[in-house]
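Comments concern the structure below.
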Amino acid sequence: MGYLVLTRKYRPQNFNEVIGQQHVTRTLMSALKDGRVGHSYLFAGPRGVGKTSVARILAKAVNCEKGVMQNPCNECGTCKAITKGNSVDVIEIDGASNRGIDEIRDLRAAVSYIPSQTRYKIYIIDEVHMLTKEAFNALLKTLEEPPSHVIFIFATTEPQKVPKTVLSRCQRFDFRLLTEKEIFQKLKKLIELESVEADDESLSLIASRAEGAIRDAEGMLEQLISYSKGKIISKDVREVFGFIGDELYIKLFKGISTRDEASIIEGVEEVAQKGCDLMEFTSGWLKFLRRLLLCNLRIKDPTTVEVNENVVKLAKSVSVEFITAALNLSADLEKDIKNISYSPIYLELAMLRMAQIPDLRDINALIEEISKPSSKEKKHVEPSQGESTINYRKTEVEPREVWERIVQAINGTRGNNFLKVFLKDADVVSFNNNCLRLRVSSTHKEHLKENIGFLKEAGKDVMGEDIEIDIIASEKPVEKALRAHPMVKKIKEIFNAEEYI
Ligand SMILES: [Zn+2]
């Protein structure tokens with residue numbers, strides 16, 4: 001993202017200004033207070049979270065003309081020179097472009113000279129894991145017997161690639177990703193300092209997209225400041241970075257929770273037309289569901305900020321079970337994306353499947369209904385005409401197992417991706433007299449029927465003989481939920497009841 005004006009302008013100048021890494025800065029400050037200065041430090045952690053900033057503050061703190069202190073004075077000539085990057089005794093090396101043995105040999109030769117103006121000569125080597133094996137070996141010799149006037153500060157995003165021999169000679173500090181809230185608050189401060197207006201939703205969008213890296217957030221803010229000329233609104237944020245707005249997520253979720261299939265299909269069409277990256281869409285969708293869940297549970301997540309009133313309202317309109325079930329199905333969708341070529345049709349299917357999630361609040365009402373005396377009098381429900389009776393106890397092979405074998409066989413073949421998605425939606429009803437009966441949502445029944453040949457073929461492969469496959473449309477979501485309810489299952493068990501469909 002290049003060298004950023006905002007990042008440079010507001011780089012933390014003392015340990016107290018560093019956000020999100022208190023576990024690191026506190027330890028460093030207390031060591032400095034006692035005058036304990038190490039000779040090699042390793043700063044490990046994700047990119048853009050403040051490793052180099054802390055390295056520079058440390059360089060100033062040990063070299064400050066006012067003495068080694070918890071925090072640099074930032075006023076003396078040395079502090080100022082280091083801040084400006086003009087100090088000849090603080091050398092920053094990019095490990096990625098100076099990774100060979102020759103560079104490290106040069107470094108070793110230079111290390112022996114005492115610093116010209118400061119107490120310590122400091123080498124900050126960024127992306128140190130990029131050094132070659134030979135370069136590490138050469139460096140190790142210096143680390144084993146470091147001159148008393150030299151301090152190494154290594155920064156890396158991949159500490160596991162740094163040789164153990166080097167690691168063991170360093171004081172290691174692990175930097176963490178910042179929370180959305182921490183980034184949000186920093187952005188809020190920045191717009192104040194820059195006298196720019198921005199609504200909370202914009203900042204929250206940036207904070208979420210930055211995924212823990214404050215440098216990325218600052219970069220985005222900077223882009224927006226020049227784009228929006230003084231007033232940042234969420235519409236601009238979406239336009240500049242191609243974010244999918246809450247409105248579309250809200251529309252889709254409303255469609256799902258009200259089982260409005262038409263509006264789901266329309267929403268997915270909108271996603272496709274906008275040319276959204278579907279992976280990004282799905283990851284955004286998962287984040288959106290998580291926000292709903294937190295709102296619904298009224299959990300004040302200390303790491304995020306919910307600023308959209310419509311999201312809060314929507315969250316209250318459904319049950320926590322419903323959101324959790326949608327989250328589960330969406331997590332499946334995310335897994336699927338990695339295995340199959342992803343097209344909007346899968347998204348649509350997943351969304352329609354979510355619309356089949358029973359509203360679990362209805363269950364309690366139904367249970368209550370059942371426990372009413374009038375209902376108790378009904379001892380037996382006649383199966384309606386044309387439907388058959390199934391007795392699970394007569395089954396010899398576990399129906400579920402038969403189906404799992406068939407699914408496995410089909411998933412193991414190439415192609416048929418479309419079918420593979422539908423398979424997940426099927427519930428096994430029974431396996432009797434070589435006939436496997438499946439129940440699928442009415443939306444998917446026809447698609448599965450079209451592919452019945454594949455299913456039968458796979459069935460023959462796994463069972464060693466021809467099998468019949470009967471596909472029936474599932475009952476209403478509430479009935480489905482009722483059937484799956486533990487209490488209903490218990491009743492069936494106690495009364496040794498048979499199931500009618
Ligand atoms: Zn100073």
Side-chain angles (χ1 to χ4, degrees), residues 3-45 48-95 107 110-126 128 142-143 146-156 170-175 178 182 186 189-190 192-194 214-215 218:
Y3 203 54
L4 306 159
V5 181
L6 271 187
T7 304
R8 197 168 38 190
K9 197 164 161 191
Y10 300 110
R11 191 189 281 286
Q13 298 302 338
N14 66 49
F15 290 122
N16 302 330
E17 287 174 15
V18 177
I19 46 167
Q21 314 297 348
Q22 286 83 350
H23 59 296
V24 172
T25 51
R26 257 188 227 140
T27 317
L28 286 172
M29 284 166 84
S30 93
L32 288 167
K33 193 179 164 201
D34 301 341
R36 285 181 282 123
V37 178
H39 284 286
S40 37
Y41 296 88
L42 181 91
F43 292 172
V49 298
K51 299 189 292 295
T52 345
S53 297
V54 172
R56 286 187 194 147
I57 298 169
L58 180 59
K60 285 193 279 189
V62 296
N63 276 334
C64 180
E65 288 168 24
K66 298 193 177 161
V68 176
M69 292 191 295
Q70 272 195 313
N71 260 317
C73 78
N74 280 317
E75 281 163 7
C76 67
T78 304
C79 280
K80 282 185 175 162
I82 298 174
T83 301
K84 285 185 186 151
N86 296 335
S87 170
V88 288
D89 297 318
V90 176
I91 302 115
E92 288 193 34
I93 299 168
D94 172 20
L107 184 148
V111 158
S112 53
Y113 298 105
I114 57 161
S116 51
Q117 288 154 355
T118 59
R119 225 168 277 130
Y120 295 99
K121 202 167 193 169
I122 294 167
Y123 289 91
I124 301 173
I125 307 186
D126 202 8
V128 71
T142 310
L143 289 180
S148 60
H149 61 266
V150 169
I151 298 173
F152 285 103
I153 307 172
F154 304 125
T156 179
C170 298
Q171 286 184 43
R172 175 171 170 166
F173 292 91
D174 286 284
F175 286 62
L178 275 72
E182 284 165 342
K186 175 80 192 275
K189 248 185 226 163
L190 289 180
E192 250 178 63
L193 291 167
E194 287 287 300
I214 183 70
R215 195 169 59 207
E218 288 164 346

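All values derive from a computational prediction rather than experimental measurement. Ligands are counted one by one from 1 in listed order, and the atoms in each one are counted from 1 as well.
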Could you give all pairs that pass the ring-ring contact (aromatic ring centres under 6.0 Å, His included) test and reach residues 7-39, with sequence neighbours left out? none

Taking all atoms of both residues into account, what is the closest heavy-atom pair of P72 and N14, and its distance? CD-CB, 4.3 Å

Please identify each residue that fulfils side-chain contact (heavy atoms from CB on, under 4.5 Å) with E75, with sequence neighbours left out.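 For E75, the residues satisfying side-chain contact (heavy atoms from CB on, under 4.5 Å) (neighbours in sequence not counted) are K66, C73.
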
Give a yes or no on whether I114 atom CD1 has more than 12 heavy-atom contacts from other residues, nucleotides or ligands under 6.0 Å away. no

In the protein, how many N/O/S atoms are under 2.8 Å from the Zn ion (ligand 1)? 4

In chain order, what residues pass the ring pair (Phe, Tyr, Trp, His ring centres under 6.0 Å) check against F173, with sequence neighbours excluded? F43

For the OG atom of S87 and the CD1 atom of I82, what is their distance to the nearest 0.5 Å? 5.0 Å

